[in-house]
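I have placed the structure first, in the form of structure tokens, so that the comments after it can refer back to it.
Order of the sequence lines fixes the chain letters, A, B, ..., with proteins taken first and strands second; residue numbering starts at 1 for each chain.
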Number of protein chains: 2
Amino acid sequence: MEKIIQTALDLAKKAFDLGETPIGAVIFNTKTKEILCFAHNLTEENKDPTAHAEILAIREAGKLLKNANLSGYSIFSTLEPCAMCACAISWAKLDNVYFGAYDVKSGAVENGIQMFKHTHHKPDVFGGFHEAECADLMSCFFKEKRK
Amino acid sequence: MEKIIQTALDLAKKAFDLGETPIGAVIFNTKTKEILCFAHNLTEENKDPTAHAEILAIREAGKLLKNANLSGYSIFSTLEPCAMCACAISWAKLDNVYFGAYDVKSGAVENGIQMFKHTHHKPDVFGGFHEAECADLMSCFFKEKRK
């Protein structure tokens, strides 16, 4: 699991350097933990409000597996997914959702609308991995933006 | 408005013929009602669980306007958007959401979690346009699938 988290953190840092919201996501085989694909936010560069790390990783996974159903795979995101990404995770039928920092403002897994209380497919959820490091990246980013 | 609705219905019918969930979405200038872009569901062909009509139309609009902020524009969808699409509409800052049929099962605008009660950006919502025709397409599709 540590390699997956480090990959996601590296992606988040790369996003930060590019001026994108510093969030990274990795999709991996639930059993073997082998990494399938990954992404970081690209809303600015792509001019695409849906280009969150999780959405981009899910799109890439579907392409690689030639299947819109991603069961057998799980996702790690450095930040608690928003409602858009949480619902996408449910449509994708990912087994489990792991995330780093909790997001009181826009998170929709443990916070806010707690999406998986409402969806048909309900992945297992595990939050708080490397929480401080994941959260620090976000607060540095928003501090820079406000300057 | 009628031209926008007909365009979305034609897209939904095209999706039906392709074996895709028959939903069409159109993004248009809120003031002039000029159509900017449109899409239909492509989850099967694209092997992408996020390829709902609304998401694809939003991605295309961002590309065309070279801006992830779509304020000044509105969306019509033949079906009440799901939570993923409703949240994407909020991130995109679209002015208004118009839709055809209500979706008791997966709708998240008037039904279910009523997304815009929870998001920072709250578009105005108008449902029930050509409701019977939009709903019929969906019920025919699911009847065919169950055969």
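Side-chain contact check for B/Asn46 versus A/Arg59: every heavy-atom pair is 4.5 Å or farther apart.
A/Glu60 pairs by the side chain to side chain contact (heavy atoms under 4.5 Å, CB included) definition with A/Cys37, A/Lys63, A/Leu64, not counting sequence neighbours.
Contacts between residues 88-97 of chain A and chain B, defined by a heavy-atom separation under 4.5 Å, are made by A/Ala88, A/Trp91, A/Ala92.
In the hydrophobic clustering of this structure, A/Phe28 does not group with A/Ile55; members are Ile, Leu, Val, Met, Phe, Trp, Tyr whose side-chain heavy atoms approach within less than 4.5 Å, directly or through other members. With hydrophobic clusters built from ILVMFWY side chains whose heavy atoms lie under 4.5 angstrom apart, A/Ile23 does not share a cluster with A/Leu56. B/Val104 and B/Ile113 fall into different hydrophobic clusters, where Ile, Leu, Val, Met, Phe, Trp and Tyr side chains are chained together by heavy-atom contacts under 4.5 Å.
Across all non-hydrogen atoms, the minimal contact from A/Lys47 to B/Lys66 is CD-O, 3.5 Å. Heavy atoms only, all atoms of each residue included: B/Ala68 and A/Asp48 are closest at CB-N, 3.8 Å.
Around atom CD of B/Glu34, no more than 12 heavy atoms belonging to other residues, nucleotides or ligands sit under 6.0 Å away. When the shell of 6.0 Å around CZ of A/Phe38 is examined, it contains 12 or fewer heavy atoms from other residues, nucleotides or ligands. Atom NZ of A/Lys122 is surrounded by more than 12 heavy atoms from other residues, nucleotides or ligands within 6.0 Å. Other residues, nucleotides and ligands place more than 12 heavy atoms under 6.0 Å from the NZ atom of A/Lys33. A 6.0 Å sphere centred on CD of A/Glu45 holds no more than 12 heavy atoms belonging to other residues, nucleotides or ligands. Counting heavy atoms of neighbouring residues, nucleotides and ligands inside a 6.0 Å radius, atom CD of A/Gln6 exceeds 12 of them.
Listed options A/Ser106, A/Cys87, A/Ala108 were ranked by heavy-atom pairs under 4.5 angstrom with chain B; first place goes to A/Cys87.
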Fill in: Stepwise side chain to side chain contact (heavy atoms under 4.5 Å, CB included) check, B/Met84 with A/Thr50
CA-CA 10 Å; B/Met84 173 178 72; A/Thr50 77; over 6 Å; no
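With A/Pro49 as the fixed residue, the side chain to side chain contact (heavy atoms under 4.5 Å, CB included) test singles out one of B/Asn69, B/Ile58, B/Asn67: B/Ile58.
Looking at A/Thr119, neither its backbone nor its side chain comes within 4.5 Å of chain B, counting heavy atoms on both sides. In this structure, chain B has a heavy atom under 4.5 Å from the side chain of A/His52, while its backbone stays farther away.
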